[in-house]
Amino acid sequence: MIPLQIKEVATKLNISPRAIRFYEEKGLISPIKQAHNQYRTFTEQDIWRLQTILSLREAGMPLESIKHALAEMDEDNIQELRYYLELQRSVLVAKWLEMKQVIETTDHMITLLKVNRTLPLEAIYKLAEGSKTLKEQRTAWKDTWHYDELAPTHDERAASHSGEYTYYEDTLNLIVKWVSAIQGEHGLDLGTGTGNLAGKFIAGGIHMSGVDQSKEMLRHSQRKYPTLEGRLGNFLAIPYLEGVFDFVVSSFAFHHLTNEQQLLALTEMRRVLKPRGRICIAGPMSSLLHLSHWFEENGYLLKQQLIHTVIPIIYAVPIR
DNA sequence: ATTCTGACA
DNA sequence: TGTCAGCA
């Protein structure tokens, strides 16, 4: 029973023959066809491949991504495969956050309805606003892939412009100094890039995790700092559960976000931070006003400075 | 009888 | 992806 026909395979895997042909059409599989009648024949490997497709699809991965993942598996490229899974994970986190938000606003509306016997118009807006924000998050995803080409030269570029490099080094060092992490703490570096900031903490014996949207950047950071726990993801959907970090830092990354997105990022930081968790952000941002506003409204004590009079840095510690 | 391709929902 | 048509 080596050569299986399409219907047999379909039955075995609980899918339709049409689905199998569809996967072939999309280039995910290429079963051999018999010369005379064009009937497809499936080998054990074909079936294993289909199983893989179904598993990844079960996890919600789009067919296009599955295609790439399979290609990496063909070449035994475990690294690449891992990053596809990481990417998939980060997408799931984003969706999870999305649902969480919707549930929260729904709960809110239920409460309003209970109290007011009617639904205020602004509540409707709020819900719409929520899903709008989510779409923006998704939009940010598409750019993810092409950042990768920058990774190999990142450190060179950071070091090239001597003046900027001074700022760069001093900025990282000041973040480390202000945060003054102690042994046993767990920190997160958002937009860790090649891991330079996280590396400084690691050098001090601190357990660090890093999030970056580029898998190439992550790869470089892992190479430089094997103990760094790198993970794919973005600022607006940090791929971690609630309350796991003692501090969150971010350098030379925040300015890529709009002000609105930055505030969203802050709420995300607070989500993954422990109750007393602190935040330190630095980089070429035009203004810190909106950030300091948010921090004050949310019960943080602030410390700010302009490094070399050009690079703003802000450190926030929860009061209490 | 079964599969295939292509069109359309 | 499901469904349907017209073939081989």
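Bear in mind the structure is a predicted one, so any value in this text is a computation, not a measurement. The figures that follow rest on heavy atoms only: side chains count, while hydrogens, waters and symmetry mates do not. Labels below follow one simple rule: chain letters A, B, ... track the order of the sequence lines, proteins then strands, and each chain is numbered from 1.
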Hydrophobic clustering (ILVMFWY, side-chain heavy atoms < 4.5 Å, transitive) - are A:Y168 and A:V310 grouped together?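 The answer is yes; both residues are in one hydrophobic cluster.
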Taking atom [atom2] of [N] as reference, at what distance in whole Å does atom [atom1] of [X] sit?
{"X": "A:H36", "N": "C:dC7", "atom1": "NE2", "atom2": "C1'", "result": "16 Å"}
{"X": "A:E64", "N": "C:dT1", "atom1": "CD", "atom2": "P", "result": "14 Å"}
{"X": "A:E24", "N": "B:dC4", "atom1": "CD", "atom2": "P", "result": "8 Å"}

Could you check which residues of residues 11-20 of chain A get a heavy atom under 4.0 Å from DNA chain C? Sort them by number, please.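 The stretch gives A:S16, A:R18 as the residues lying under 4.0 Å from the strand, ordered by number.
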Remaining members of hydrophobic cluster (4.5 Å side-chain criterion), A:L301: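 Grouped by the 4.5 Å side-chain rule, A:I319 form the rest of the cluster around A:L301.
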Side-chain cluster (under 4.5 Å, hydrophobic types only) that A:L306 belongs to, other residues: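 Answer for A:L306: none, a lone residue.
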Pairs: protein N or O with nucleotides 1-3 of chain B N or O, under 3.5 Å:
| unit_1 | atom_1 | unit_2 | atom_2 | d |
| --- | --- | --- | --- | --- |
| B:dT2 | O2 | A:Y39 | OH | 2.4 |
| B:dT3 | O4' | A:Y39 | OH | 3.2 |

If you apply the rule ring pair (Phe, Tyr, Trp, His ring centres under 6.0 Å), what do you find for A:F201 with A:F247, and how did you get there? CA-CA 11 Å; A:F201 281 100; A:F247 64 90; 5.0 Å; yes
Stem list for DNA chain C, please, built from Watson-Crick and G-U wobble pairs under 3.5 Å and keeping only runs of at least 3.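 Stems (3+ consecutive pairs) listed as B:4-9 with C:1-6.
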Okay, side chain of A:Q213, backbone of A:G191: is any donor-acceptor separation there less than 3.5 Å?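 The answer is no, because no donor-acceptor pair under 3.5 Å joins these two groups.
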Main chain of A:T258, side chain of A:Q261: is a donor-acceptor contact present, judged purely on distance under 3.5 Å?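 Present.
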If the threshold is 4.0 Å, N to carboxylate O, is there a salt bridge linking A:E24 and A:K33?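 Salt bridge: yes.
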So with a 6.0 Å cut-off around NZ of A:K177, is the heavy-atom count from everything else above 12?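 Counting neighbours around NZ of A:K177, 12 or fewer heavy atoms of other residues, nucleotides or ligands fall under 6.0 Å, so no.
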Return the set of residues passing ring pair (Phe, Tyr, Trp, His ring centres under 6.0 Å) with A:H255 (not counting sequence neighbours), or none when no residue passes.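 With sequence neighbours excluded, A:H255 shows a ring pair (Phe, Tyr, Trp, His ring centres under 6.0 Å) to no residue whatsoever.
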What class does the angle between the rings of A:H186 and A:H207 fall in, given that below 30° is parallel, 30 to 60° is tilted and above 60° is perpendicular?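 A:H186 vs A:H207 ring planes: parallel.
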